[in-house]
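The structure displayed is predicted, hence computed values, not measured ones.
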Amino acid sequence: MAAREYGQYCGVTRALELVGERWAMLIVRDLLVGPRRYGELAAGLPRIPSNILAARLKELQDAGILRRMPRSRVIVYELTPYGRELEPVVLALGAWGFKAMGDPREEQIITPDSMTMALRTAFRPQVAATLPTTAYEARFGPTELLIRVHGAALAVTRGDGPVDLAFAAGPDIRRLISGELAPDRAIATGVVEVLSGRGDLLDRFADTFHLAA
């Protein structure tokens, strides 16, 4: 159990006692992408002190939100079914926080797991269902993601494969996803660099992934 107690008998209060400590929800965010080893979690949260990561993992495990599991002779952390129930909460928080992000600061980074969850948050299945199946390779600094959209289904993985459009972008991709910057202007201004494929498919990407700012 988290150290903080609010002394109120309330569902919101209890939720904050379980996942309201600093870094807890970011650990949950990354585990929603998939099971992670301790070192992978630390690498995805580069500013978290090691003692805090260990403490949060223990608290979340004690609360039944995650569990330690042996996999290929190593220990990984994964969400329990109870923990996975937090996914719509995390997606809703991401959409709400997107409105207040503003311009990126120089020291801010994009991690594979944070971008994966951002894409899940911005995904519009009702729009995607009307569009042809499309595969994108997106490079955000050192982060490379393979994004496959098939009807209303979205799969975001690491790795490579055949794609219809490969592009590179930085944190300013937010301006494209919000609709602040049209796809052709995003390319013209260098916010998005087309690496291969048809540049006009960025319009399809922008239609598929959108969040109002």
Side-chain angles (χ1 to χ4, degrees), residues 26-48 71-72 74 76-79 87 90-91 94-95 97-98 101 103-125 128 131-178 181 183-211:
L26 294 184
I27 293 170
V28 171
R29 178 202 66 188
D30 287 3
L31 291 179
L32 282 168
V33 178
R36 295 286 181 265
R37 298 193 301 270
Y38 183 94
E40 291 172 327
L41 286 168
L45 302 167
R47 290 194 176 187
I48 190 170
R71 181 168 298 182
S72 300
V74 299
V76 299
Y77 294 87
E78 67 178 18
L79 294 176
E87 180 163 5
V90 172
L91 295 179
F98 184 81
M101 283 177 66
D103 293 329
R105 297 192 300 275
E106 203 170 299
E107 72 276 12
Q108 290 182 313
I109 63 170
I110 294 175
T111 68
D113 290 343
S114 69
M115 195 63 207
T116 296
M117 292 306 294
L119 289 167
R120 285 191 196 175
T121 302
F123 183 57
R124 299 198 290 178
L131 299 171
T133 296
T134 312
Y136 307 91
E137 179 187 299
R139 299 182 188 177
F140 304 101
T143 296
E144 294 187 17
L145 297 176
L146 183 62
I147 306 161
R148 296 187 182 278
V149 181
H150 180 68
L154 169 66
V156 183
T157 58
R158 301 189 207 183
D160 52 25
V163 297
D164 302 291
L165 171 66
F167 66 88
D172 264 345
I173 189 72
R174 175 192 66 85
R175 298 175 63 198
L176 175 68
I177 292 174
S178 69
L181 202 61
D184 59 343
R185 290 295 301 157
I187 295 172
T189 57
V191 168
V192 173
E193 178 188 359
V194 173
L195 303 174
S196 67
R198 291 167 34 207
D200 63 300
L201 288 177
L202 194 64
D203 291 82
R204 187 181 300 174
F205 178 89
D207 287 337
T208 304
F209 300 94
H210 177 77
L211 278 173

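Residues Asp103 and Arg175 are not paired through a salt bridge, judged by the lack of any N-O separation under 4.0 Å between the basic side chain and the carboxylate. Taking the charged nitrogens against the carboxylate oxygens, Arg71 and Glu78 do have a contact shorter than 4.0 Å, which makes a salt bridge. In summary, Arg158 and Asp113 engage in a salt bridge, as defined by a charged side-chain N under 4.0 Å from a carboxylate O.
A donor-acceptor contact shorter than 3.5 Å is absent between the side chain of His150 and the backbone of Thr133. A distance-only check finds a donor-acceptor pair linking the side chain of Thr134 to the backbone of Pro132 [under 3.5 Å]. With hydrogens and angles disregarded, a donor-acceptor distance shorter than 3.5 Å links the side chain of Arg124 to the backbone of Asp207. Panel note: side chain Ser114, backbone Ile110; no donor-acceptor pair is recorded below 3.5 Å.
With rounding to the nearest 0.5 angstrom, the CE atom of Met115 is 15.0 Å from the CZ atom of Arg139. Distance check, rounded to the nearest 0.5 Å: OG1 of Thr208 to CG of Leu119 gives 11.0 Å. To the nearest 0.5 Å, atoms CG (Leu31) and CE (Met117) are separated by 10.5 Å. Taking CD1 of Ile147 as the start and OG1 of Thr157 as the end, the distance is 9.0 Å to the nearest 0.5 Å. To the nearest 0.5 Å, the span separating OG1 on Thr111 from CG on Asp30 amounts to 5.5 Å.
A 4.5 Å side-chain heavy-atom check between Val90 and Leu32 finds at least one atom pair inside the cut-off. Contact check for Phe167 versus Ile173: side-chain heavy atoms found under the 4.5 Å cut-off. Here the side chains of Leu176 and Phe209 are not in contact, with every heavy-atom distance at 4.5 Å or above. Taking the side chain as every heavy atom from C-beta outward, Leu154 and Pro125 never approach each other to under 4.5 Å. By the 4.5 Å heavy-atom criterion applied to side chains, Asp160 and Glu144 are not counted as neighbours. Using a 4.5 Å heavy-atom cutoff, the side chains of Leu145 and Glu137 are not in contact.
Using a 30° and 60° split on the angle between ring planes, Phe205 and Tyr136 fall in the perpendicular class, above 60°. Using cut-offs of 30° and 60° for the angle between ring planes, the Tyr38 and Tyr77 rings count as tilted.
Counting all heavy atoms, side chain and backbone alike, Pro35 lies closest to Val76 at CB-CG2, 4.1 Å. Between Ala128 and Val149, the shortest heavy-atom contact is CB-CG1, 3.7 Å. The heavy-atom pair separating Ala95 from Thr121 by the smallest distance is N-CG2, 3.5 Å. Nearest heavy atoms, Arg29 versus Gly44: NH2-O, 4.4 Å. When all heavy atoms are compared, the tightest approach of Pro112 to Thr116 is O-OG1, 2.7 Å. Contact between Arg198 and Leu165 at its shortest, heavy atoms only, is O-CD1, 3.5 Å.
Put simply, the residue from Val194, Asp200, Leu181 that forms a side-chain contact (heavy atoms from CB on, under 4.5 Å) with Ile187 is Val194.
With a 6.0 Å radius and a threshold of 12 heavy atoms from other residues, nucleotides or ligands, Glu107 has its CD atom above the threshold.
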